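Note that the structure is predicted; figures quoted are calculated from it, not measured. Every number for a ligand or one of its atoms is a count from 1 in the order of the listing.
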Amino acid sequence: MQSLSHTRNIRNFLRPCLLILLVIVLVGLPDLSEGTRPAQPKSRFQFTPRVIDYQHKVSDCFKLRTRKETRFIIVHTSEAGLESTLRTLSQGKVRGCRLTSCGGHANYAIARNGDIYRILAHRFRADHAGISMWNGCRDISSYSVGIELIAYHYSTITNSQYRSLEWLLQVLRKTYGIADKNVLTHAQVAYGGPNRWHPTNHRGRKRCAKNFDRQKAGLASAWTYDPDVRAGRLAKDDHLADIFYGSASLFASKEAFQSNVISVSNTAWNVAGEDYNSCNTLYVLPGGKTLPGDQVENKLGWKRLPAGTRVLLNVESDQNVDQGPIKTLERGKTAWSLAGPKYRNKTTFYFLPNGEVLPGHRVSDWDALPEHTRMIMGYRGPYTLHPGKHPKHVVGSVYRNENTLYFYPDKKLLSAVEIQNWVGVPAGTRLFVKLN
Ligand SMILES: [Zn+2]
């Protein structure tokens with residue numbers, strides 16, 4: 001009896017197992033990492049982003065190597081606009097006006113409109129994570145696919161970017177069998193050697209994608225602690241620990257996190273990480289004076305860097321820095337790095353290379369402005385000079401103030417102090433007056 005019932009039990013047990021096995025054979029292994037995820041609305045599955053192949057642009061000196069193993073997907077924010085990011089990712093990094101790498105710095109870049117640029121096919125090792133470690137695994141570039149979002153870690157990431165990223169993550173996670181929680185940000189996995197803020201190996205070297213919202217990218221689970229800090233391999237960075245594993249909600253304290261302006265709670269280290277003293281990091285002091293990161297120590301001293309100083313990352317050259325009210329969006333400077341959210345104020349104006357003048361509220365995104373666009377902040381106008389009129393009839397006594405600007409029909413943009421002959425200012429010139 002016993003043995004008979006035992007056999008029957010085995011048979012009863014085996015029958016559903018065989019059924020499950022048959023289902024697996026017919027439809028393939030279920031994706032276990034999807035188990036806890038709610039079903040997605042149908043429209044999301046139908047969405048396919050535009051993928052632009054950019055692999056032919058990668059520098060010839062970059063060596064293609066296939067990764068042997070893929071455990072992670074690393075999300076970065078590029079800390080620059082699209083044009084300069086694509087240049088850096090494919091051609092290499094510019095340091096002090098020289099190319100210092102061979103490119104191949106990501107597998108994908110996602111523009112703010114959602115377009116995906118394939119820099120390197122996902123099977124190739126991209127040189128994107130630098131000195132890095134996760135759960136004891138070092139050199140994360142050799143174990144991961146790298147994705148750059150065109151954004152600053154202190155700016156917003158657009159909904160179009162999240163939509164394309166979610167699609168890309170689904171494709172990659174399926175290909176490599178990567179669990180939700182092993183989609184990580186560069187800020188989480190990078191670490192640095194001892195410096196003026198940390199006496200030992202530590203997190204915080206990179207701030208990349210610290211504003212990344214996992215839910216918006218369709219990720220259900222996340223690490224709730226840093227395994228390398230817990231194991232004592234690295235010292236923690238309070239600011240990042242708060243964001244990724246703390247109780248502080250990123251959105252509750254958005255103001256403090258989403259700024260490149262130095263304050264008591266937002267240090268140069270918080271904004272720039274290891275690039276704090278780089279010649280490509282530019283400090284714009286409240287008075288408008290600028291200092292590259294490698295000169296702050298000697299010319300001012302880190303402790304004397306005043307609150308209100310704006311930190312510009314990835315400025316390609318500190319030559320010909322705009323000292324007056326007119327800024328130019330070039331050499332790595334963008335409307336976001338120069339103005340933050342004020343880029344779309346009504347009192348911010350853009351002078352496009354084609355001669356068009358746009359007030360901030362008519363600009364769709366800070367990265368939608370072409371390179372070499374000129375920009376002014378805190379202005380009213382424009383006031384058009386009609387034939388036979390003198391500028392003082394248009395704006396009153398401020399017409400000669402150094403901050404009053406004249407946009408000539410031939411696209412010249414001049415400060416009043418540069419104008420000698422007032423009668424010679426052509427009709428059709430538009431005037432802009434600085435707000436107090
Ligand atoms: Zn990064």
Side-chain angles (χ1 to χ4, degrees), residues 71-82 84-95 100-112 116-117 119-120 122 124-134 137-157 161 165 168-169 172 182-193 202-214 217 226 228 234 237 239-240 243-244 250 257-258 260 269-276 278 280-281 293 311-316 332 334 336-337 367:
R71 300 183 196 173
F72 310 103
I73 298 169
I74 305 299
V75 177
H76 303 251
T77 43
S78 66
E79 316 301 325
L82 180 64
S84 86
T85 299
L86 290 177
R87 232 174 6 240
T88 306
L89 295 182
S90 48
Q91 292 294 308
K93 292 177 186 171
V94 178
R95 286 285 174 261
T100 57
S101 73
C102 283
H105 291 303
N107 296 97
Y108 300 94
I110 305 181
R112 298 184 65 74
I116 298 178
Y117 290 79
I119 310 291
L120 281 176
H122 56 69
F124 292 122
R125 181 192 185 276
D127 194 6
H128 64 96
I131 304 166
S132 50
M133 172 168 25
W134 191 256
C137 171
R138 288 168 196 265
D139 183 25
I140 298 299
S141 292
S142 294
Y143 297 92
S144 63
V145 177
I147 303 172
E148 289 274 1
L149 301 172
I150 308 304
Y152 290 92
H153 67 70
Y154 55 87
S155 78
T156 50
I157 295 164
Q161 285 178 305
L165 179 63
L168 183 58
L169 290 178
L172 294 172
N182 286 335
V183 177
L184 294 156
T185 63
H186 194 196
Q188 282 174 288
V189 302
Y191 76 92
H202 57 273
R203 288 290 184 213
R205 182 174 73 80
K206 285 286 176 187
R207 303 286 153 183
C208 238
K210 73 178 189 185
N211 53 346
F212 178 56
D213 184 337
R214 304 180 66 83
D226 182 326
D228 300 300
L234 298 175
D237 178 275
H239 183 69
L240 291 184
I243 293 170
F244 292 113
L250 174 61
F257 291 136
Q258 294 204 346
N260 63 338
W269 175 246
N270 281 354
V271 179
E274 70 170 349
D275 294 326
Y276 77 95
S278 156
N280 296 102
T281 300
V311 188
L312 309 192
L313 303 171
N314 290 322
V315 175
E316 287 166 23
T334 65
W336 186 272
S337 68
D367 201 30

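- Note on the Zn ion (ligand 1): protein N, O or S atoms under 2.8 Å away count 3, no waters included.
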Show your working on side chain to side chain donor-acceptor pair (under 3.5 Å) between T85 and Y117 and close with a plain yes or no.
-> CA-CA 11 Å; T85 299; Y117 290 79; over 6 Å; no
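- Checked against disulfide bond (SG atoms under 2.5 Å apart), C137 has no partners two or more places apart in sequence or in another chain.
- Proximity of a side-chain donor or acceptor of N260 to a complementary backbone N or O of Y154 within less than 3.5 Å is not detected.
- Between N107 atom CG and I116 atom CD1 the span is 12.5 Å, to the nearest 0.5 Å.
- In this structure, Q161 and I110 approach most closely via the heavy-atom pair NE2-O, 2.9 Å.
- Counting only N and O atoms by type, the side chains of D237 and W269 include a donor and acceptor under 3.5 Å apart.
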